[in-house]
2 protein chains.
Amino acid sequence: MTLSPADTIAQLTALLGANGVIGDPDRMGAYINEPRKRFHQKAAAVSLPASVEQVQAIVRWANENSVGLIPQGGNTGLVGAQVPLRGDEVIVSLQKLDRIRAIDTAAGTMTSEAGTILENAHKAAEAEGMIFPLWLASQGSARIGGLLSSNAGGVNVLAYGNARELTMGVEAVLADGRLYRGLNSLKKDNTGYDLKDLLVGAEGTLGIITAATLKLFPKPEDYETALISITGPEAALTLFQHLRERIGSRLNAFEIVPRIGLDMQLRHGDLDRDPSAGPSPWYALIEVSRMKGGAPGALQTAIEAAFAEGLLDNAVFAESLEDRTRMWAFREQMSEVQSKEGASIKHDVSVPIAAVPQLIAEGSAAALRLVPGIRPVPFGHMGDGNIHFNFSQPVGADPKAFMASADEILHEAIYEIVLRLGGSVSAEHGIGQLKVDLLKQVKDPVALDMMRAIKMALDPKGILNPGKMLRAGP
Amino acid sequence: MTLSPADTIAQLTALLGANGVIGDPDRMGAYINEPRKRFHQKAAAVSLPASVEQVQAIVRWANENSVGLIPQGGNTGLVGAQVPLRGDEVIVSLQKLDRIRAIDTAAGTMTSEAGTILENAHKAAEAEGMIFPLWLASQGSARIGGLLSSNAGGVNVLAYGNARELTMGVEAVLADGRLYRGLNSLKKDNTGYDLKDLLVGAEGTLGIITAATLKLFPKPEDYETALISITGPEAALTLFQHLRERIGSRLNAFEIVPRIGLDMQLRHGDLDRDPSAGPSPWYALIEVSRMKGGAPGALQTAIEAAFAEGLLDNAVFAESLEDRTRMWAFREQMSEVQSKEGASIKHDVSVPIAAVPQLIAEGSAAALRLVPGIRPVPFGHMGDGNIHFNFSQPVGADPKAFMASADEILHEAIYEIVLRLGGSVSAEHGIGQLKVDLLKQVKDPVALDMMRAIKMALDPKGILNPGKMLRAGP
């Protein structure tokens, strides 16, 4: 980069006006500090374009001057994709592009700009009697562009798919500043390569998503939610298959949490009371949607049949919105409550769903062998084969010493098991800067070469989120 | 191409053995003649690799010698993607790679080689109590590799998605002969660009798919099928919304056929008897799946509620497998029966679903203005916004004179309407060689440039299905 910091700010200000640029490092905190505080790097500037044309102007300028750009939404990502790596990049915050351009209830689509906060997208859909079924813990601050760029998952992937599957088309600024106009509301369109799915999940390395056409669904009339006491992941797998046969695509969520998770929540007072039927080695949180005019009780009937077959130990059915909220809080506060138990080591991994029990058994055993006293807390999206395989430090251990001695060896052990089972080392959080070296080690080298060739074809100067997902050079 | 035909055959024979090569033009008919007999071009040879390694050997050889290769499955495609364009290409038939490598019922996946006939994939899934829900008229000869390369649709896209959405991972030979090992059974995997979706639907221009991991679903216990008498597309749209709210994702199919379609079928004796409740301007064929243990009658209840609201005129519910088969034959034989009414002009188009009534009204009116006496026969996947907008010649007209005078102007008129409504000029059949010029006219030039850049990056010599989807050069 040849531009001086002062020139960078002056030129960006000329493009965007004074309100469109933050040049003072003291005012950049909200843009360069991310949720887990793992990455600590400055930025040359933060730009705040107020229109698609301004995004194009920034990218044209960056391309001419070989400036690295980092697209950013709500800054909630967990792998450092949205924060600086080198220190000379310009952050492009999409937060001012937060307009919902159109909702078409007949077509079941919403066209939203990249900066719309997920919760606002939810509200806009619900105002029209529809749902946008992407739900995750950070929905109050995560923004559409970032959710798509990271192909976010969440708790309803089972029924509705991840962000990629919920996106019909995108609009994006390419590395040369041109606008790819890929918004559309078509369920079928076989006119060329699937550019939409290439841009979704690319972490801003192939283009800056400025807007998207999202799928809306009819709002279910009601949900049926149950918290199941169950012996372990094997039993959970059998129960899952049982429910898939009976409930099919209306099964919205099948999440599992081990007993230690409930203990932690009750210990820290994060729940007003125990949502379960009492002590159990494991719990499964299950939710089914009921469409308009449908008969209630589908989940209860299916669970009762499973109970008769001995597939579970006990069940509590939510009888009020309060019950349902408490059951979901139990699941959704897992990460938060774990942070109150000292240091933790986390893995966002997936395996073919039938291999989940083996993953949990082998991973927990390996960790206990390597770090006596360590507390495995594997929980998450059983129905997607996606487990947040987290570990809390041994009780009373020194957090720093624990991390220093255990972090690396635990990662190695867990990823070895995951890869042996045909799994993924990043199920939903992505690569960013956190896993870029890991990706190079574990990904098929042919796939990596294809990715590099595509990156080089679409961003030959490497200005879009440089060093994320793929390291520059061989 | 510098190799002589004799050298081409000799070198391929050296690679594959005599049984792996057809060099005699008289024996190539099944490979170079496609269903609609629109393309008439010879091939240099037909190669029949018997293993993935042999596919790699062919591609390496072709890359060294700059020979164009045409991947081919069941040769059922409708746009000429799978047959020669220049006359000097070598066809690579995948038909010998027809092994189902694995079925995992717990994971809900099948790993199949590219040459497996769709019907055989259906049978293999059903033998395990599962379904592979890609159903289309050519399933007795279409093969997995071609279905994926053309991102095939069919009659159950509404509930299960098209071929892309039914594919979890692919294995493909790249232009340099290397093997991309992208088979996986993961519902979530955010480790890099979405290469799977780039290869699916690329019509063999970016790689030759040799195998795929496909999604299986629990077999519904039963289906509920109804043939509805309805005033027209507007009423069909209202009925569709009504059912989506009540039946959600269990709504498998919502197809429409105009009265003239039924008349044609009855005239030619393609149905043993009228499956409908009697004469009606339009019909809707609707199917719902019932999962294990679910209460029967969901469709009937929803249709009765719709009838009470005046949304339809009459309904027949299938009471036997025979009834269901007849209703589906009515829909699926539409193309075939139309061919008995003389020449026809066809358009496989899609629009946002809410625009289907406008498409049909404007398209029919425009055609009648341009060609008095022409018979519009728009039918198909209303629930996907995908209409096969076909026209039969006026009764008694000369087929050749009709095609000569009407073909071009009708295409222009229909595509103008489709594009004005935000639609696609190829909803499910693809581009191939038939629509390559059309694509250049109607597609966003930025998108075309992205496609060209990707093609150049992954196949710099242009050996993979040359001239299909994208024309070489600017």
Side-chain angles (χ1 to χ4, degrees), chain A residues 104 106-107 151 153 162 178-182 184-195 197-198 201-202 218 244-250 291-293 295 302 305 350 352-354 384-386 422-428 430-431 439 443-444 446-447 450-451 453-454 456-458 469, chain B residues 104 106-107 151 153 162 178-182 184-195 197-198 201-202 218 241 244-249 291-293 295 302 305 350 352-354 384-386 422-428 430-431 439 443-444 446-447 450-451 453-454 456-458 469:
Chain A
D104 182 340
N151 187 26
N162 52 22
R178 289 194 299 170
L179 192 63
Y180 164 66
R181 297 171 200 273
N184 83 50
S185 309
L186 302 175
K187 294 194 181 181
K188 287 184 178 176
D189 179 19
N190 278 346
T191 59
Y193 302 152
D194 185 359
L195 302 173
D197 285 322
L198 195 60
R244 281 284 277 183
E245 284 174 14
R246 280 162 180 80
I247 295 176
S249 54
R250 284 178 307 140
M291 302 310 293
K292 198 168 166 181
S350 68
I353 178 169
D384 306 317
N386 175 199
S424 167
V425 299
S426 189
E428 54 178 15
I431 301 301
L439 188 70
K443 188 99 175 170
D444 174 16
V446 177
M450 291 174 76
M451 288 170 59
I454 292 166
M456 186 61 78
L458 297 182
M469 179 111 40
Chain B
D104 183 339
N151 187 26
N162 52 21
R178 289 193 299 168
L179 192 63
Y180 164 67
R181 297 170 200 275
N184 81 49
S185 309
L186 302 175
K187 296 195 180 180
K188 288 184 177 175
D189 179 19
N190 277 345
T191 60
Y193 302 153
D194 185 359
L195 302 173
D197 286 323
L198 195 59
Q241 308 290 4
R244 281 285 278 182
E245 284 174 15
R246 281 161 179 79
I247 295 176
S249 54
M291 301 311 290
K292 198 169 167 182
S350 69
I353 178 170
D384 306 317
N386 175 197
S424 168
V425 298
S426 190
E428 54 179 14
I431 301 301
L439 188 70
K443 188 98 175 171
D444 173 16
V446 177
M450 290 173 77
M451 288 171 56
I454 292 166
M456 187 61 79
L458 297 183
M469 179 105 50

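Note: hydrogens, waters and symmetry copies are ignored here, and every other heavy atom, side chains too, is used.
Ranked by heavy-atom pairs under 4.5 Å with chain A, the first of B/N184, B/I353, B/I454, B/D444 is B/D444. Among B/V425, B/N162, B/I431, B/D104, the residue with the largest count of heavy-atom pairs under 4.5 Å with chain A is B/I431. Highest contact tally toward chain B, considering only A/A302, A/G422, A/S350, A/G182, is held by A/S350 [criterion: heavy-atom pairs under 4.5 Å]. When A/A427, A/A354, A/G430 are compared by the number of non-hydrogen pairs under 4.5 Å with chain B, A/A427 comes out ahead. Between chain A and the residues B/K443, B/R181, B/R244, B/K292, the most heavy-atom pairs under 4.5 angstrom are made by B/K292. Ranked by heavy-atom pairs under 4.5 Å with chain B, the list A/G153, A/A447, A/G293 is led by A/A447. With chain A as partner, the option from B/G192, B/G201, B/A305 having the largest number of non-hydrogen pairs under 4.5 angstrom is B/G192.
For B/L458, the part lying near chain A is the side chain, with the backbone staying farther off; criterion is any non-hydrogen pair under 4.5 Å. At a 4.5 Å heavy-atom cutoff, the contact between A/L439 and chain B is made by side-chain atoms alone. Residue A/M450 touches chain B through both its backbone and its side chain, counting heavy-atom pairs closer than 4.5 Å. Both the backbone and the side chain of B/E428 have a heavy atom closer than 4.5 Å to some heavy atom of chain A. Looking at A/P352, both its backbone and its side chain come within 4.5 Å of chain B, counting heavy atoms on both sides. When heavy atoms are compared at a cutoff of 4.5 Å, B/A295 does not approach chain A at all. Both the backbone and the side chain of B/D189 come within less than 4.5 Å of a heavy atom of chain A.
We find that B/D384 and A/K188 are joined by a salt bridge, their nearest charged nitrogen and carboxylate oxygen being less than 4.0 Å apart.
Taking every heavy atom of both residues into account, A/A106 and B/Q241 meet most closely at O-NE2, 2.7 Å.
At least one donor-acceptor pair closer than 3.5 Å links the side chain of B/N190 to the backbone N or O of A/N151.
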Applying side chain to side chain contact (heavy atoms under 4.5 Å, CB included), run through A/D197 and B/L198 and close with a yes or a no. CA-CA 8 Å; A/D197 285 322; B/L198 195 59; over 6 Å; no

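Here B/R178 pairs with A/D449, B/D176 under the side chain to side chain donor-acceptor pair (under 3.5 Å) rule; sequence neighbours left out. Taking B/A202 as the reference, A/Y193, B/T205, B/L206 meet the side chain to side chain contact (heavy atoms under 4.5 Å, CB included) condition, with sequence neighbours excluded.
Inter-residue side-chain proximity for B/I247 and A/M291 is flagged as unmet; no heavy-atom pair is nearer than 4.5 Å.
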